[in-house]
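Please read all numbers here as calculations on a predicted model, not as lab measurements. Naming convention: chains lettered A, B, ... in sequence-line order (proteins, then strands); numbering from 1 in each chain.
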Number of protein chains: 2
Amino acid sequence: MTDIEVVDLLRAHGIRPSAHRVAIALYVLGNETHPSAETVLRNVRERLPVISRATVYNTLNLMNEKGLLRQHPFGPGTVFDSNVSRHHHFIDSETGEMRDVPWEKLSVSGLDSIKDAEITDYMIVIRGRFKKREA
Amino acid sequence: MTDIEVVDLLRAHGIRPSAHRVAIALYVLGNETHPSAETVLRNVRERLPVISRATVYNTLNLMNEKGLLRQHPFGPGTVFDSNVSRHHHFIDSETGEMRDVPWEKLSVSGLDSIKDAEITDYMIVIRGRFKKREA
DNA sequence: ATGGAAGATAGACTAGTTCCAGATCTTGAC
DNA sequence: GTCAAGATCTGGAACTAGTCTATCTTCCAT
């Protein structure tokens, strides 16, 4: 993802694209992993040494509000997910590593039997071990 | 649940049943809610005024390790669940309140399509609002 | 250029959790 | 019962995640 694309994306979501915000968005959106705020801070600082923790939190929360990313309270601490379309999650129980599972791959039945609550969203959280692929 | 039952349960899970541990287990296991460590501490202190935060954390972690309860990193902070049988979760998005959803009520299909990982456990996490019941 | 709004900053602050070193309690062998 | 060894508990320090605040800067319309 280029700087220009990120700037447009931020604007399209009503976020003024300051240099800091662009740097943060570049890192988070161009990233398939599920970084924590701390990880974002560390990585953004490599490009932009002067940026405070508060700015990172502010920006991530803002992007979350505006629908540019999702926040998940898995593992210890919150983690951010640049994939805002619906999907499920697989969490490696040893390493804590998270991977997305495509929405279509799994399906849930019985949700209509829940009568005493209004459902706005749901996801399947799977725990287990990734099979090693490295030779 | 009686003291005796708790003592036996702890022993059955390889946990030496000290007075403090019994008090904590009595509270957590006889409780359908999903208390935080702080809530546990507060409540146990009513019966056992001298107990340190560290002991509560140690004991809860120990019980978690030994399979007497589960730890969920939902919402802000960790929450403990005395229901160790399989079940799903509904989280009220306003209040953060968590309720268990019986395992049989929902079902997931497609799990066998996951080839690159070994599944040890899974659950459905639903977010939404409880409908008010109070008049 | 000027003034106001939005943005960014550092650092203080809070909450949650773990770590640690010493004090205390249990247990089993005698 | 007594004692040593080991398990447990304690308070507080330390660490981590996240929020808040006061201040300074930038941007933009006028």
Side-chain angles (χ1 to χ4, degrees), chain A residues 6-7 9-28 34-45 47-66 68-81 96 98, chain B residues 3 6-8 10-11 13-28 34-45 47-66 68-81 96 98:
Chain A
V6 167
V7 168
L9 198 56
L10 289 175
R11 266 201 251 272
H13 285 79
I15 300 177
R16 207 148 89 180
S18 73
H20 289 138
R21 288 173 174 181
V22 171
I24 293 168
L26 259 177
Y27 175 71
V28 181
H34 297 79
S36 66
E38 206 54 33
T39 304
V40 174
L41 178 62
R42 252 199 320 278
N43 281 279
V44 170
R45 271 194 174 151
R47 293 170 167 240
L48 206 68
V50 181
I51 185 166
S52 84
R53 196 182 313 277
T55 300
V56 171
Y57 275 100
N58 287 343
T59 304
L60 290 173
N61 287 334
L62 186 60
M63 288 174 75
N64 178 54
E65 265 169 45
K66 300 293 189 180
L68 261 169
L69 47 76
R70 290 243 179 119
Q71 232 165 326
H72 298 299
F74 297 145
T78 305
V79 128
F80 297 86
D81 189 351
M98 256 175 84
Chain B
D3 286 37
V6 168
V7 167
D8 288 347
L10 289 176
R11 265 201 252 270
H13 285 78
I15 300 177
R16 210 145 91 176
S18 71
H20 289 139
R21 288 172 174 181
V22 171
I24 292 168
L26 258 177
Y27 174 71
V28 180
H34 296 80
S36 65
E38 205 54 34
T39 305
V40 174
L41 178 63
R42 255 200 319 281
N43 281 277
V44 170
R45 272 196 174 149
R47 292 168 167 240
L48 205 68
V50 181
I51 184 167
S52 86
R53 199 180 312 275
T55 300
V56 170
Y57 276 99
N58 287 341
T59 303
L60 290 173
N61 287 334
L62 187 60
M63 288 173 74
N64 178 55
E65 265 169 45
K66 300 292 189 181
L68 260 169
L69 48 76
R70 291 245 178 118
Q71 233 165 325
H72 297 300
F74 298 146
T78 306
V79 127
F80 296 86
D81 188 349
M98 252 175 89

Checklist entry - When you match B:Ala54 and A:Arg16 each to their closest nucleotide on DNA chain C, which lands nearer the 5' end? => result A:Arg16
Checklist entry - Nearest nucleotide by nearest heavy atom, which residue falls closer to the 5' end of DNA chain C, A:His20 or B:Ala19? => result A:His20
So which nucleotide from [options] ends up closest to the side chain of [X]?
X       : options                : answer
A:Asn58 : D:dC9, D:dG18, C:dT9   : C:dT9
A:Ser52 : C:dT18, C:dA10, C:dT27 : C:dA10
B:Tyr57 : C:dT18, C:dT9, D:dT8   : C:dT18

Roughly how many Å is it from [atom1] in [X] to [atom2] in [N], rounded to a whole number?
X       : N      : atom1 : atom2 : result
A:Phe80 : D:dA17 : CZ    : P     : 12 Å
B:Leu60 : C:dT18 : CG    : C1'   : 13 Å
B:Asn61 : C:dT18 : CG    : C1'   : 9 Å
A:Lys66 : C:dG7  : NZ    : C1'   : 14 Å
A:Arg11 : D:dC27 : CZ    : P     : 12 Å
B:Leu41 : C:dA15 : CG    : C1'   : 13 Å
A:Gln71 : D:dA17 : CD    : P     : 14 Å
B:Ile15 : D:dA7  : CD1   : P     : 15 Å

Item to check | Any donor-acceptor N/O pair, B:Asn64 side chain to B:Leu60 backbone, under 3.5 Å | outcome: no
Checklist entry - Does the A:Arg21 side chain pair with the main chain of A:Arg16, one donor and one acceptor, at a distance under 3.5 Å? => result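 Yes, A:Arg21 side chain to A:Arg16 backbone: donor-acceptor pair under 3.5 Å.
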Checklist entry - Mind checking what makes side chain to side chain contact (heavy atoms under 4.5 Å, CB included) contact with B:Ala23, not counting sequence neighbours? => result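 Partners of B:Ala23 under the side chain to side chain contact (heavy atoms under 4.5 Å, CB included) test: B:Val44, B:Leu48.
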Below 4.0 angstrom from OP1 or OP2 of [N], is there any side-chain N or O of [X]?
X       : N      : value
A:Thr55 : C:dT9  : yes
B:Arg21 : D:dC9  : yes
A:Arg53 : D:dG18 : no

Next on the checklist: Any base atoms under 4.0 Å from A:Thr78, or only sugar-phosphate, or nothing? Heavy atoms, all strands.
Outcome noted: sugar-phosphate
Next on the checklist: One pair to check against side-chain contact (heavy atoms from CB on, under 4.5 Å): A:Phe74 and A:Asp81. What are the steps and the verdict?
Outcome noted: CA-CA 11 Å; A:Phe74 297 145; A:Asp81 189 351; over 6 Å; no
Checklist entry - Does CZ in A:Arg45 sit with more than 12 non-hydrogen atoms of other residues, nucleotides or ligands closer than 6.0 Å? => result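 Counting neighbours around CZ of A:Arg45, more than 12 heavy atoms of other residues, nucleotides or ligands fall under 6.0 Å, so yes.
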